[in-house]
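Written below as structure tokens is the structure these notes are about.
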Number of protein chains: 2
Amino acid sequence: MALGGVEPGHTRPGGRTARVRDAVLRAAGDALAEHGMDALDLGDVARRAQVGKTTVYRRWGTVPILVADLLRDMADQSLPRTETGSLLGDLTANARLVQETLADARQGALFKAVIAAATCDAATARALHAFYATRVGEWAPCVEQAVDRGELPPGTDPHEVVRAVSAPLYYSLLCTGGALDAAAADRAAAAAAAAARAGLHVRSGD
Amino acid sequence: MALGGVEPGHTRPGGRTARVRDAVLRAAGDALAEHGMDALDLGDVARRAQVGKTTVYRRWGTVPILVADLLRDMADQSLPRTETGSLLGDLTANARLVQETLADARQGALFKAVIAAATCDAATARALHAFYATRVGEWAPCVEQAVDRGELPPGTDPHEVVRAVSAPLYYSLLCTGGALDAAAADRAAAAAAAAARAGLHVRSGD
DNA sequence: AAGTTAACGGTACTGTTGTTCCGTTAGTAT
DNA sequence: ATACTAACGGAACAACAGTACCGTTAACTT
């Protein structure tokens, strides 16, 4: 796919090119949420986006590459963070947000598909890691504030704490099939807060 | 694929049929670990297993179905549980086992592929949930013993605690790409123990 | 506002994945 | 031992995902 020259979409990024990208990414998201990533046919995506099949194959070429682009698009759409004044309150708000996203039929299926695609291709995996680095980074300040307030020991790794909130929810979604309700979210937040207070997420050495 | 009659492998489960199943499942595991689940070609599996392509398509038919059978096979191979006498020791032993498995090149890739396949097919997802229910159940007794010793509050859900150990490790493997080293395992175990001691995994109501 | 060419889109093609057909092998029953 | 048939295996076939070609559209330049 990547030929000698530059790939399409860079030298002339104006009107039509951008419209095509939007339509294709939206169609890809819909198709992924409906059928999952293995059943994703680029011809079908082209049809949904009302775009030539050739265009999709030329600009993206494979499912993982298309998914990686979708992830970059998703990372750009940042969500507002709520501030409650306490660590547990903030982490619970985050946990509820994640839980509601994953429990939602379309969004949950989309996340599953995207994560599955990342297991098949290194570049897609990098895009997924970048996506989570972005999302986790958006919530890290609430941990930093907790350190400043004296709720947490100094040296606590904010990213580590935020990741600890999401982990059990994703583990349920992907592995065990456990319930993804508000109670699960609250438990995840409380557990992360307890571990952080116990100093288990203090950076050692570096 | 599932025709009116019975599917192959049930009415005559003796020698050859069993040998074919073993060879195909081993070949499927190898192929999954090498290429990931989207690049899995049943014809290639048949070649590796030195078995007719027709046989693989007749008995399994699709990638998710084959993966589901592989999962049943994996669940049967149970691992011995080490007992250290303390909750933290036992959970750390479990965390190290999971961490080493996921960090191993072949095993880690295989788990990724299997989880990806489960996102594409409901029956495969059920097989995956059953696999984790089995594995988690094998380690639940160490939590029960901790309750008996008085280390944990009565009513603590053993499965919940064991799942809490694995969650951050799988989250690193699948989503964030975080390090999967012994330190990560120890942190996961310590965090789960802290949350359990704080009574966060006590069954409420039911 | 006229020209240049990046990027799009339809159609015809190719290669691989999955199916069908039928003959052969080997478990199981008597 | 012999008969019966479930399950396997090879080869020819069909369908569809992905590619190549080339004419058309529209973004950017001067």
Side-chain angles (χ1 to χ4, degrees), chain A residues 1-28 31-32 34-69 113 117 120-121, chain B residues 1-28 31-32 34-69 113 117 120-121:
Chain A
M1 77 240 75
L3 330 139
V6 197
E7 282 165 45
H10 292 279
T11 51
R12 208 178 258 187
R16 180 169 62 168
T17 297
R19 272 198 309 280
V20 166
R21 178 171 183 250
D22 286 349
V24 169
L25 292 187
R26 186 192 322 280
L32 279 174
E34 279 178 38
H35 307 302
M37 91 109 194
D38 73 325
L40 189 62
D41 168 22
L42 296 193
D44 179 52
V45 170
R47 224 172 301 123
R48 286 168 183 258
Q50 294 182 302
V51 153
K53 187 173 77 156
T54 316
T55 300
V56 176
Y57 277 102
R58 185 169 31 225
R59 272 186 73 176
W60 291 278
T62 72
V63 171
I65 291 171
L66 177 57
V67 172
D69 199 26
C120 304
D121 179 73
Chain B
M1 79 243 78
L3 331 137
V6 197
E7 280 166 45
H10 292 281
T11 50
R12 204 180 263 186
R16 180 169 61 168
T17 297
R19 273 199 307 279
V20 165
R21 178 171 183 250
D22 286 348
V24 169
L25 292 187
R26 183 191 326 277
L32 280 175
E34 280 178 38
H35 308 302
M37 92 110 195
D38 72 325
L40 189 62
D41 168 22
L42 296 193
D44 178 52
V45 171
R47 224 171 302 123
R48 286 167 182 259
Q50 294 182 304
V51 152
K53 186 173 75 156
T54 317
T55 300
V56 175
Y57 277 103
R58 187 170 30 226
R59 272 186 74 175
W60 291 278
T62 71
V63 171
I65 292 171
L66 176 58
V67 172
D69 200 25
C120 303
D121 180 73

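Nothing here was measured: the structure is a model prediction, and the numbers come from that model.
Following rounding to the nearest Å, Gln50(B) (CD) and dG10(D) (P) show an atom-to-atom distance of 10 Å. One atom, CZ of Arg48(B), and another, P of dG9(D), lie 17 Å apart when rounded to the nearest Å. We find that CG of Asp38(A) is positioned 14 Å from C1' of dA17(D), with the value rounded to whole Å. Across the protein-nucleic acid pair, Asp44(B) atom CG and dG15(C) atom P stand 20 Å apart, rounded to whole Å. Atom CG in Leu66(A) sits roughly 15 Å away from atom C1' in dA17(D) (whole-Å rounding). Arg58(A) places its CZ atom 16 Å from the P atom of dG18(D), with the value rounded to the nearest Å. Between the OH atom of Tyr57(B) and the C1' atom of dG10(D) there is a distance of 15 Å, given to the nearest Å. Going from atom CZ of Arg47(B) over to atom P of dG18(C) covers 12 Å, rounded to whole Å.
Two residues are said to be in side-chain contact when any heavy atoms from C-beta on lie closer than 4.5 Å; Leu25(A) and Leu66(A) meet this criterion. Within the 4.5 Å cutoff, the side chain of Thr17(A) has heavy atoms near those of the Arg59(A) side chain.
The base of dG18(C) is paired with the side chain of Lys53(B) by a donor and an acceptor separated by under 3.5 Å.
With distances taken from any side-chain atom of Thr55(A) to the nucleotides dC8(C), dG18(D), dA6(D), the minimum falls on dC8(C). Ranking dC8(C), dT19(C), dG9(C) by closeness to the Thr54(A) side chain, first place goes to dG9(C).
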query = Taking it one step at a time, do Arg21(A) and Asp69(A) satisfy salt bridge (Lys or Arg N to Asp or Glu O under 4.0 Å)?
reply = CA-CA 9 Å; Arg21(A) 178 171 183 250; Asp69(A) 199 26; 3.0 Å; yes

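Heavy atoms of Arg19(A) sit under 4.0 angstrom from primed sugar atoms or phosphate atoms, though from no base atom.
Classification of Asp22(A) and Arg19(A) as a salt-bridged pair fails, no side-chain N sitting under 4.0 Å from a carboxylate O.
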